[in-house]
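What follows is one structure encoded as structure tokens, with my remarks underneath.
No hydrogens, no waters, no symmetry mates; every other heavy atom, side chains included, goes into these values. A note on names: the letters A, B, ... follow the listed sequences, proteins ahead of strands, and every chain is numbered from 1.
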Amino acid sequence: VTAQRIVRPEPERLEPNREWPSLLGAAAPDPAGRDLAVGYRVLEEYLRNGVRSAREHETSDPARPEPLIERIARASSDFGAVWLELVRALLSSTGTAPHGAGVDPGPFRMPVEPPTPAASLGQAVPVKDGLRLRVRSLLPVEVSLRWLQDSLDGALVAHELRGQAGAPAITGVQAEQQDGALVLSLCVPDTQPAGCYSGLIVSAASNLPQAMLVAHVLSEE
Amino acid sequence: VKPTLLVAELLTEYGALADEALQVYLQRVRPLRRHHDAVCDYPRRGGRRMRASLCIAAARAFGACTQSALKTAVSLELLHNAFLVHDDIEDASEARRGAPTLHIRHGLPIAVNAGDALAVLALSPLIDNAKQIGPTLSLALLADVQRMATETVEGQAMELAWRQENELTLHEEDYLLMVLKKTCWYSTIFPCRSGALLGCRSNHDLDRFLRYGFFLGAAFQIQDDLLNLVALEAQHGKDACGDLFEGKRTLMLIHVLKHASPEQRCQIGHLLRRTREERTPEDVAMLRKCMTSFGSLSYARRFAHTMAGAALHEFERAFALAPPSRDREFLKALPYWVIDRS
């Protein structure tokens with residue numbers, strides 16, 4: 001008896017057939033078409049993953065632009081700061097609160113010398129003895145003050161800050177005396193184009209320039 | 001003009017311009033002992049400057065002048081050479097552009113440092129770009145360079161992990177994703193994106209170049225892997241069958257592993273587990289024979305042709321807004337050239 005060993009034939013494939021059109025009885029796609037489908041599948045999957053990670057990045061990136069609701073919340077909290085500052089100034093001027101060095105500067109003043117860049121809405125920044133700078137802006141602003149005289153010549157008048165040709169001037173600039181200290185207020189409109197704006201602070205009596213106020217309005221990006 | 005001749009013509013023309021601009025940056029390398037020679041070695045070995053030419057052509061196709069794209073093209077070439085130095089170390093390659101690889105010539109520590117120096121040097125033209133194209137566009141370009149470099153090193157990481165873990169169950173999809181990240185991003189996708197960015201002065205819808213770049217780059221890589229198997233060292237400038245000695249997961253190897261019997265697969269698995277030094281010419285001959293008997297070379301050739309065809313199709317979408325020009329024709333002819341080159 002010649003016992004020939006029965007050998008299982010090699011299977012046609014070792015993996016499941018995922019070409020679903022052929023499972024449904026359709027003719028098997030041509031090899032080039034299959035290669036092409038593989039290429040596009042990889043590409044589309046890659047693009048989908050890219051979009052997904054971009055979205056994740058967007059929600060976790062601390063540098064992303066502030067959503068509107070957060071902007072509103074920040075603006076109202078900053079307005080509160082300005083309001084407190086105003087109340088404090090009024091109390092000082094009516095004599096209700098003690099004047100001078102004994103006044104609690106509150107949480108909105110930063111004892112920084114020389115001028116602080118990027119002052120934000122409502123912060124009163126003492127830039128020199130007897131001088132306060134108040135900036136109201138939702139845009140990032142760098143403010144600096146350059147003294148042109150050794151001593152101040154009485155009451156002061158602040159000119160509007162002018163930028164490059166075509167850019168509207170910043171008109172919300174005021175200089176006033178409060179308790180012997182000079183208070184400079186600067187209000188930058190939300191629509192102010194980014195750029196460098198400057199204007200003079202002059203003596204009300206002699207019109208001689210006393211200082212130059214420079215504001216760099218930065219774009220929000 | 002025959003498409004492939006046009007490609008050869010522009011590669012020579014733009015390659016020479018990029019080469020000249022490259023020398024300016026190589027002159028900035030300080031003459032420290034051994035350092036200068038090692039850093040300048042690969043860039044001075046020449047090469048086709050395909051990436052630089054692609055960047056210049058894409059920029060010109062969208063209306064930019066050659067000068068405005070030259071610095072980005074140089075940066076790309078420097079980064080390419082930096083990648084090559086480190087790739088050769090990681091792959092333990094022995095020949096590059098017809099000469100010993102940098103680590104064979106200068107030793108491992110100096111070669112690693114030279115690769116780092118080239119990558120750092122690649123930043124210089126990008127910084128110099130700001131004077132020419134302005135800070136906004138330069139920053140947008142730098143952001144894209146960062147993305148491109150990240151994709152490239154991630155693609156390389158994928159391939160290195162496959163080899164280290166002796167991965168034997170790869171599919172075409174895995175290979176294509178690796179090639180998309182490792183080769184396409186810096187060889188074809190970024191040159192087109194940066195060119196369009198410079199030409200249009202906007203980064204609007206740059207992703208359309210991803211499709212063209214992916215198919216073109218995939219065809220290029222598969223053809224490159226095929227040439228590594230069939231060309232002689234003198235023709236290819238790299239080790240003959242170097243990819244087999246390295247155990248590189250090419251489309252052909254994936255095809256072999258898919259079609260091998262369980263015994264054969266086990267044998268190939270053992271063979272691939274060895275280090276490059278342990279792998280013998282007999283091992284390589286066995287792998288090469290398997291590729292012939294399973295039709296892996298024809299399969300890869302067909303795959304490369306399909307990818308080139310898809311690139312041609314995607315070209316029309318990516319460059320639809322570019323007016324007719326010699327540069328546009330060059331970009332359209334690239335898929336033909338990729339397949340025709342030997």
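- Looking at heavy atoms from C-beta onward, B:Leu176 lies out of side-chain contact with A:Leu43 at the 4.5 angstrom threshold.
- Atom CD of A:Glu176 has more than 12 heavy atoms from other residues, nucleotides or ligands within 6.0 Å.
- Ring to ring, A:Tyr40 and B:Phe215 are close: their centroids are under 6.0 angstrom apart.
- Contact of the A:Leu47 side chain with the B:Arg211 side chain is registered, since non-hydrogen atoms from C-beta on lie closer than 4.5 Å.
- Among residues two or more places apart in sequence or in another chain, the salt bridge (charged side-chain N to carboxylate O under 4.0 Å, His left out) test is passed with B:Glu314 by B:Arg317.
- Counting non-hydrogen atoms of neighbouring residues, nucleotides and ligands closer than 6.0 angstrom, the CD atom of B:Glu316 exceeds 12 such neighbours.
- In the displayed structure, B:Tyr336 atom OH is contacted under 6.0 Å by at most 12 heavy atoms of other residues, nucleotides or ligands.
- Atom CD of B:Glu172 and atom CZ of A:Arg41 lie 8.5 Å apart (nearest 0.5 Å).
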| task | Decide side-chain contact (heavy atoms from CB on, under 4.5 Å) for B:Asp174 and A:Val42; before the verdict, give the C-alpha distance in whole Å, the side-chain angles of both, and the deciding distance to 0.1 Å. | result | CA-CA 8 Å; B:Asp174 303 310; A:Val42 169; over 6 Å; no
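- Of the atoms belonging to B:Phe303, heavy atoms from both backbone and side chain fall under 4.5 Å from chain A.
- For the atom pair CG (B:Leu180) and OH (A:Tyr46), the distance works out to 5.0 Å, reported to the nearest 0.5 Å.
- Not counting sequence neighbours, the partners of B:Asp144 by the salt bridge (charged side-chain N to carboxylate O under 4.0 Å, His left out) test are B:Arg193.
- In the displayed structure, B:Gln264 atom CD is contacted under 6.0 Å by more than 12 heavy atoms of other residues, nucleotides or ligands.
- In terms of heavy-atom proximity, A:Leu36 sits nearest to B:Ala310 at CD1-CB, 3.5 Å.
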